[in-house]
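Computed from a prediction, not measured in an experiment: that's the story for all the values here. A, B, ... follow the sequence lines: proteins, then strands. Residue 1 opens every chain.
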Number of protein chains: 2
Amino acid sequence: MTEDGTSTGPAHTGVTDQVCELREVLDRVGDKWSVLVMALLGDGPRRYSELRRSIEGISPRMLTLTLRSLERDGLVLRTVTPSSPPRVDYALTPVGRTLSAEVGGLIRWAEEHRSYIGRSRRVYDDGGAGDLPPV
Amino acid sequence: MTEDGTSTGPAHTGVTDQVCELREVLDRVGDKWSVLVMALLGDGPRRYSELRRSIEGISPRMLTLTLRSLERDGLVLRTVTPSSPPRVDYALTPVGRTLSAEVGGLIRWAEEHRSYIGRSRRVYDDGGAGDLPPV
DNA sequence: CGGGATCCCCCGCGATACTG
DNA sequence: CAGTATCGCGGGGGATCCCG
């Protein structure tokens, strides 16, 4: 698939072509709140106010924007119940769940390698003069 | 692990706790160029100027910043060869490859669901008045 | 060739106030 | 309760110039 055929890893099926598509997912998933919202919805449907209180730190504006964006992409389903106190529930769609699962892989990677990254940063920030500090 | 024990999906081992760690990975991977650089390096080591020409659109500033950041996290190895024309090679570290592989999962997800997302957006943007448009 | 320094612009995001 | 409208900032990232 690659131009030179140098198969050195599993993460390059077409390089720049796929990266273009990847950008969309990363933009989708890389913003500040989307993943957090999806993680919460992974435990089941939630109301707007539940999400708002659970996340604590998110502004109503950003919560709405995030939910709208996820709904637009077909990852979250919005259900309005027009009662005397209006009620709106949000839930992951099946496709939303598959993305959530995929992101789960990244979570596990983060757990596994967070200490490695932490160590790397310490070494790097230490100046680079002593690249073999005592444990 | 979850507070209520509602095991509804694979993507929530501790919800908010993990999301915190995930943020680091998403910040790492979510910026504009990191993944692209890693994808290129997935085909083998490259020189600075090779990367710069391959990516086309990246400024020297951003390429350097991206590479430095990846190097700091121990994901990319920088090798300086002090010759008459100075030469610097960059390559993925073993851990860098594992992240690259993990991201590969997202790429595949993107390929599989890009049309779904596209359709969802069309329907959503169409107004929401007719939510059952003819195929 | 491989970068650092500097300037500037854009927009993601937060805070606040108001509405159906 | 579930949002919408407006304002403002901070920083990510582009362009450009220069240096070892």
Given side chain to side chain donor-acceptor pair (under 3.5 Å), test B/Ser120 with A/Arg72 step by step and report yes or no.
CA-CA 6 Å; B/Ser120 295; A/Arg72 187 171 107 102; over 6 Å; no
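- Counting only heavy atoms from C-beta outward, the side chains of B/Val37 and B/Leu63 approach each other to under 4.5 Å.
- As a whole-Å value, the separation of A/Leu36 CG from C/dG14 P is 11 Å.
- Residues A/Leu106 and B/Leu99 form a side-chain contact, since some pair of their non-hydrogen atoms from C-beta on lies under 4.5 Å apart.
- Under 4.0 Å is where a charged nitrogen must lie from a carboxylate oxygen, and between A/Arg121 and B/Asp73 at least one such pair does.
- Using a cutoff of 4.0 Å between basic side-chain nitrogens and carboxylate oxygens, A/Arg23 and A/Asp27 are scored as salt-bridged.
- Counting any heavy atom pair closer than 4.0 Å across all strands shown, A/Arg87 reaches sugar-phosphate atoms only and no base atom.
- One atom, CD1 of A/Ile55, and another, P of C/dA15, lie 14 Å apart when rounded to the nearest Å.
- To the nearest angstrom, C1' of D/dG3 lies 13 Å from CZ of A/Arg47.
- For C/dA15, the OP1/OP2 oxygens have no side-chain nitrogen or oxygen of A/Ser59 closer than 4.0 Å.
- For the pair A/Arg23 CZ and D/dG12 P, the computed distance is 15 Å after rounding to whole Å.
- Spacing between atom CG of A/Leu51 and atom C1' of D/dC1 amounts to 13 Å, rounded to whole angstrom units.
- Between A/Arg52 and D/dC1 there is no side-chain polar atom (N or O) within less than 4.0 angstrom of OP1 or OP2.
- One atom, CD of A/Glu50, and another, P of D/dG3, lie 13 Å apart when rounded to the nearest Å.
- Using a 4.0 Å heavy-atom cutoff across all strands shown, B/Pro86 reaches at least one base atom of the nucleic acid.
- Atom pair B/Asp31:CG and D/dG13:C1' shows a separation of 10 Å (rounding to whole Å applied).
- Using a 4.0 Å heavy-atom distance criterion, A/Arg78 is classed as a sugar-phosphate-only contact.
- Of the candidate nucleotides C/dT16, D/dG14, D/dT16, D/dT16 has the atom nearest to the side chain of B/Pro60.
- Separating the CG atom of B/Leu63 from the C1' atom of C/dC1 is a distance of 13 Å, rounded to the nearest angstrom.
- Taking the side chain of B/Arg68 as heavy atoms from C-beta on, and the options D/dG14, C/dG4, D/dG3, the nearest nucleotide is C/dG4.
- Within 4.0 Å (heavy atoms only), A/Arg61 reaches at least one base atom of the nucleic acid.
- Side-chain nitrogen and oxygen atoms of A/Ser49 include at least one within less than 4.0 Å of the OP1 or OP2 phosphate oxygen of D/dA2.
- For A/Trp33, a side-chain nitrogen or oxygen approaches OP1 or OP2 of C/dG14 to under 4.0 Å.
- In this structure, A/Tyr48 does not reach the D/dT4 phosphate: none of its side-chain N or O atoms is under 4.0 Å from OP1 or OP2.
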